[in-house]
2 protein chains.
Amino acid sequence: MTKILQRNLYREVADRIGDLIEHGELLPGERISEKQLCDRFGVSRTPLREALKVLATEGLIELLPNRGARVVRLTLKNVKDTYDLMAALEGLSGELACQYISDAEIAAIRQLHDTMLEHYRNRDLMPYFQVNRQIHESILAASNNDVLQEMYSNLSQRVKRVRYSKQMTERYWSQAVKDHENMMAALEKRDSQSLGQILRDHLCNKIEVATLAGVIDTEDDKSVANS
Amino acid sequence: MTKILQRNLYREVADRIGDLIEHGELLPGERISEKQLCDRFGVSRTPLREALKVLATEGLIELLPNRGARVVRLTLKNVKDTYDLMAALEGLSGELACQYISDAEIAAIRQLHDTMLEHYRNRDLMPYFQVNRQIHESILAASNNDVLQEMYSNLSQRVKRVRYSKQMTERYWSQAVKDHENMMAALEKRDSQSLGQILRDHLCNKIEVATLAGVIDTEDDKSVANS
DNA sequence: CTAAAGAATATTGAATTCATAATCTATTTT
DNA sequence: AAAATAGATTATGAATTCAATATTCTTTAG
C-alpha cells in the first residue's frame, strides 16, 4: 500500500505529534509547549498551531483558551466509552462485510485466520496480535463503508497509547480464539446477523480495559485545575 | 449580521462556515475563497485557515494542496454510508440508555412521545419532526457515553444540509410512529436488546435517503477534475 | 518568614508579511 | 483561427511580527 505523500505541513506535524503521544513521549495531562515543538520539528508556529487544532478535533489533545494545549487524560470511563463504540462499529462492519465481501477476500481472511491459529498454538503473542489486527482490518475494509472506516480509525487512534499494557490470560485468549472460529464460520456463510453479533460481543477489547485501570488517568506532576 | 468578537476565534469561524454550508450559501463542490470569507467575517487569514483545517477534519470540506478548499460533495453512497453508521450508533445509544436511564428521564421521553403522537394525529409535520428529534437526542443523552454523542453529532452535521428535502409519505409516516411505539415500550421495560434493534432498524433516515437521490451530488458549474 | 502586589518575562492569539505555486491574459507561432 | 507559451496576476503556504493574556520573579508589607 503506497502512502499518499502529504504535501501539507500541518498534517505531517499533526501525525508526528500523534506519534509522540502514542509512544508516551508526551504524557497525559502534559502541557504542550508550542515553542518546544517548533524547535523540534523545525517549523514555525503557524503550521504547528494548525496541527494542534486538528489534533484537538480528533480528540487527542485539548485546547484551553489562552493557556495552550495539553494531552488528553484518558479516564477509565473515557476508554470504556470508546471501546463500547468501537465494538458497535465492528459489529456494523461485520454485517456490511457479509453483504459485500468477495469469495477471494473471504479466502484471504481464512488464510490469516489459520496463520493466527498457528501463532496461538505456538503462544507467539506479538505475531498473534499482528495477524488478529489484520483480520479485523480486512473485515472493516470489506464493509465498503468509507465513513465507518474513517470513524473507526479515529477512535483507534485515541486509545492506541494504552494498548501496550495488555497481559493476555490463557482463559481469555482461548475464548478470543473461539470467537474468531465463530466469526470465520459466520463470514463464510455470509451470515451478517451472526457476524455482527459476534463482533459486538467479542471481548478482547474489554479485556484490555479490565487490565488497564492502573495505566490510564495517572496523576502526573502537572496540575489540572479546571472546571 | 453580527461581527465576531469572541475568544476561540477559529471555533467561531468554523461554526459560521458550517452554518453557511448547512443553509446552502456555500454549495457542494464550490471553491471556498479565503479572502472572501475573511472580509465577510472580519478576521484575518490565520484563524480562518485554522477553521478550514478543522472543518476538513470534521468532514465538511476538503483541502486540495495549493488549490484551496471546497465544500464536500455528498454522493448518494456517502450519505447512505453515513446513515448506516448513524443507525448503528442509535442502536448502541438505545442499548446503553436502557442500562443507565432514570425513571424521571423515561417519564420525560414518554411525555415527548405523547406530544409527538398528537402532532402526528394533526399531521403537523414540522412540530412532529422537532419532537421526534428531541426523543432521539434524549435517548442519546441517556446513553451516558460522551464519545458516542460526539461522534453522532459530527455525523449529523455532515448530512444536515440534505435534511430539508424530505416528503414523508403517509405509509412511511405511520410506520415510523409504530416504530416509536415499540421504542417506547422497550424503553419502559428497559429491554436494551429490543430497543437497540428497533433503533437500528428504524427507517426514517433511510426514507430520507430514498427520496434524496435528486438533491445530492448535483453537478455544479464548478469543475472537479480530481482522482 | 510568609504573603500579597507589582514588575518582568514568557506564552498564546491574531494580523501581517514574504515566498511559492496556480491561474489568467495576452502575445506569438503554426 | 487555434494552440502554445511567457508574463502578469491572484491565491495559497508558511514565517514573522504585533498585541493580549498568563506566568514567574522580585519586592515589600505584615
Side-chain angles (χ1 to χ4, degrees), chain A residues 4-17 20-21 26-27 29-57 60-72 220-227, chain B residues 1-18 20-21 26-27 29-57 60-72 220-227:
Chain A
I4 293 173
L5 49 141
Q6 295 272 29
R7 195 110 289 112
N8 286 86
L9 193 49
Y10 85 97
R11 206 32 292 179
E12 184 69 26
V13 172
D15 290 342
R16 295 276 298 271
I17 296 175
L20 293 183
I21 294 173
L26 291 174
L27 272 355
E30 180 171 344
R31 174 90 169 277
I32 295 173
S33 162
E34 291 184 3
K35 186 174 174 308
Q36 189 177 320
L37 289 181
C38 284
D39 294 345
R40 179 164 194 164
F41 296 138
V43 300
S44 75
R45 281 178 60 215
T46 304
L48 183 101
R49 287 170 56 81
E50 290 170 349
L52 292 180
K53 261 108 190 149
V54 167
L55 289 168
T57 306
L60 284 177
I61 67 172
E62 54 194 352
L63 302 175
L64 308 167
N66 290 317
R67 304 183 67 186
R70 84 155 56 101
V71 180
V72 163
D220 294 329
D221 37 326
K222 314 301 188 300
S223 67
V224 181
N226 51 8
S227 65
Chain B
M1 198 66 77
T2 63
K3 272 290 170 62
I4 292 168
L5 49 126
Q6 203 164 336
R7 69 269 163 217
N8 270 114
L9 196 47
Y10 85 98
R11 231 312 133 198
E12 184 69 23
V13 171
D15 290 342
R16 296 275 299 265
I17 296 175
L20 293 183
I21 294 173
L26 291 173
L27 271 358
E30 179 172 343
R31 175 88 169 279
I32 295 174
S33 163
E34 292 184 2
K35 186 175 173 312
Q36 191 177 319
L37 288 181
C38 285
D39 294 344
R40 178 163 194 163
F41 296 139
V43 300
S44 76
R45 281 178 60 216
T46 304
L48 184 101
R49 286 170 57 80
E50 290 170 349
L52 291 180
K53 261 105 189 153
V54 166
L55 288 168
T57 306
L60 284 178
I61 68 173
E62 53 194 353
L63 301 175
L64 309 167
N66 289 317
R67 303 184 66 185
R70 84 154 56 100
V71 179
V72 163
D220 293 331
D221 39 327
K222 313 301 188 298
S223 68
V224 181
N226 53 6
S227 62

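Computed from a predicted structure; not experimentally measured. Below, chains carry the letters A, B, ... as their sequence lines are ordered, and counting in each starts from 1.
- Across the protein-nucleic acid pair, E50(A) atom CD and dA15(D) atom C1' stand 12 Å apart, rounded to whole Å.
- If you check every strand for non-hydrogen atoms under 4.0 Å, I32(A) touches sugar and phosphate atoms only.
- Taken from CG in N8(A) to CZ in R11(A), the straight-line distance is 9.0 Å, to the nearest 0.5 Å.
- The two atoms that bring L55(A) and A14(A) nearest to each other are CD2-O, 3.6 Å, heavy atoms only.
- Per the geometry, CG belonging to L64(A) stands 17 Å off P belonging to dT21(D), to the nearest Å.
- When heavy atoms are screened at a 4.0 angstrom cut-off, L52(B) is found touching no nucleic acid atom at all.
- Side chains of I21(A) and I61(A) form a contact here, defined as non-hydrogen atoms less than 4.5 Å apart.
- The shortest heavy-atom contact between L60(B) and G18(B) is CD1-CA, 4.3 Å.
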Hey, what are the protein-to-nucleotides 16-18 of chain C N/O distances that come in under 3.5 Å?
from: dT16(C); atom 1: O4; to: T46(B); atom 2: OG1; distance (Å): 3.4

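- Counting heavy atoms from C-beta outward, Y10(A) and D15(A) have side chains that stay 4.5 Å or more apart.
- Heavy-atom distances to DNA chain D give each of V43(A) and G68(B) a nearest nucleotide, and the one nearer the 5′ end belongs to G68(B).
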Show me the side-chain donor-acceptor pairs of residues 42-52 of chain B shorter than 3.5 Å, one per line, residues at least two apart or across chains.
from: S44(B); atom 1: OG; to: T46(B); atom 2: N; distance (Å): 3.4
from: R45(B); atom 1: NE; to: E34(B); atom 2: OE1; distance (Å): 2.8
from: R45(B); atom 1: NH2; to: E34(B); atom 2: OE1; distance (Å): 3.2
from: R49(B); atom 1: NH1; to: E34(B); atom 2: OE2; distance (Å): 2.7

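- What separates CD of Q36(A) from C1' of dT12(C) is a distance of 15 Å, to the nearest Å.
- Atom-to-atom, OH of Y10(A) to C1' of dT12(D) comes out at 13 Å; the value is rounded to the nearest Å.
- The nearest whole Å value for the distance from the CZ atom in R70(A) to the C1' atom in dT12(C) is 15 Å.
- Separating the CG atom of L9(B) from the P atom of dA19(D) is a distance of 17 Å, rounded to the nearest angstrom.
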Report each atom pair, protein N/O against N/O of nucleotides 19-23 of chain C, whose distance is under 3.5 angstrom.
from: dT23(C); atom 1: OP1; to: R67(B); atom 2: NE; distance (Å): 3.2
from: dT23(C); atom 1: OP1; to: R67(B); atom 2: NH2; distance (Å): 3.1

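- Straight-line distance from the CZ atom of R49(A) to the P atom of dA14(C): 7 Å, rounded to whole Å.
- Contact check for E30(A) versus R70(A): no side-chain heavy atoms found under the 4.5 Å cut-off.
- Taking CD1 of I32(A) as the start and CG of L26(A) as the end, the distance is 5.5 Å to the nearest 0.5 Å.
- From Q36(A), atom CD reaches atom CZ of R31(A) across 11.0 Å, with rounding to the nearest 0.5 Å.
- For the pair K35(B) NZ and dT12(D) C1', the computed distance is 14 Å after rounding to whole Å.
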